[in-house]
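Written out below as structure tokens is the structure these notes cover.
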Amino acid sequence: MKQIFEQARILLHDIYPEKEIEALVKQLLQKVCNQSRTNILIYKNRDLLLENREDVMQMLSRLKTGEPIQYILGETEFYGSMFKVAPGVLIPRPETEELVELIIRENKAAGLAVLDIGTGSGCIAISLAKNMNQASVEAWDISEDALAIASGNNQLSRTNVTFRQVDVLNLTVEQMSAKFDIIVSNPPYVCEEEAEAMHVNVMEFEPHIALFVPDKNPLLFYRKIAESGLSLLNPRGKIYFEINERFGSMTANMLAELSYSNAEVIKDIFGKDRIVMAQINLPAHQ
Ligand code: GLN
């Protein structure tokens, strides 16, 4: 195994810092040898089986291209559960765990109806289904690839999320007639002009359809979801968005203009504006 660490250092030193290379190799070894983290440390001086060695070497050459380790392993952890991931979906991010955490903390009532728009791997919807009190969760995505991955994760987690192929920018009358207590969305929010500054891990491997919005219309999805929310949400229903840190107050203002109450911008652990939430007003006659 020692040789593998050495080879990884030589192969990857120009794209990953030393500490990260070690962590990456440990993850590969865990998966290939089907061993716990601790066992990998204990067996560090042992020889690898030839076939395991070949598998790890092949994975190292994929890492060298900049491919994210989560796609190479085919899975990642999110909010305490394992999720299958493949290039058809974004890799779940830690910021999104904060969004899930907030929704669980603020919504303790039993049996709430939740809608996740642009579900990707299903990580938000499935984590809410697992951790909220008997919530009924529906999740939409435009991408068939994403829905296939999300349904697989739904089975893996033994949750009961209903997945539908929906284009939120073109909702049908039938889709508009459903009712929910909570709408959550982590839609595409990176502006095209921000692409240059993005890491090759993201730019060359993750699905652009899940990432980018036009520079001239950064609130495209938020506005459409908020407008649709006016009829999709029950009285006092809430909306939760993960946002681009640049557009916190713009998103909160847009929600207030659409007559939502209590629009609030919340920072992530890095101190960046990351979540916007708001509540629908009760209709005047009620
Ligand atoms: N946070 C992701 C990134 O910076 C973007 C997620 C999204 O567009 N919804 O890569």
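Just so you know, ligand 1 is whichever comes first in the structure, and atom 1 is the first atom listed for that ligand.
Using a heavy-atom distance under 4.0 Å as the criterion, the protein contacts of ligand 1 are L90, R93, N186, P187, P188, Y189, V190, A210, L211.
For the pair R274 and E245, the salt-bridge criterion is met [side-chain N within less than 4.0 Å of a carboxylate O]. Comment: E22 does not engage K19 in a salt bridge, judged by the lack of any side-chain N to carboxylate O separation of less than 4.0 angstrom. Under 4.0 Å is where a charged nitrogen must lie from a carboxylate oxygen, and between K64 and D14 at least one such pair does.
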With a 3.5 Å cut-off and sequence neighbours excluded, list the donor-acceptor pairs that the side chains of residues 201-208 form with protein atoms.
residue: N201; atom: OD1; partner: H199; partner atom: ND1; Å: 3.4
residue: N201; atom: ND2; partner: G66; partner atom: O; Å: 2.6
residue: E206; atom: OE1; partner: I91; partner atom: N; Å: 2.8
residue: E206; atom: OE1; partner: R93; partner atom: NH1; Å: 3.1
residue: E206; atom: OE2; partner: R93; partner atom: NH1; Å: 3.3
residue: E206; atom: OE2; partner: R93; partner atom: NH2; Å: 3.0
residue: H208; atom: NE2; partner: M203; partner atom: O; Å: 2.7

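The side-chain heavy atoms of F241 and L255, taken from C-beta on, include a pair separated by under 4.5 Å.
With Y79 as the fixed residue, the side chain to side chain donor-acceptor pair (under 3.5 Å) test singles out one of E97, K130, E101, E98: E101.
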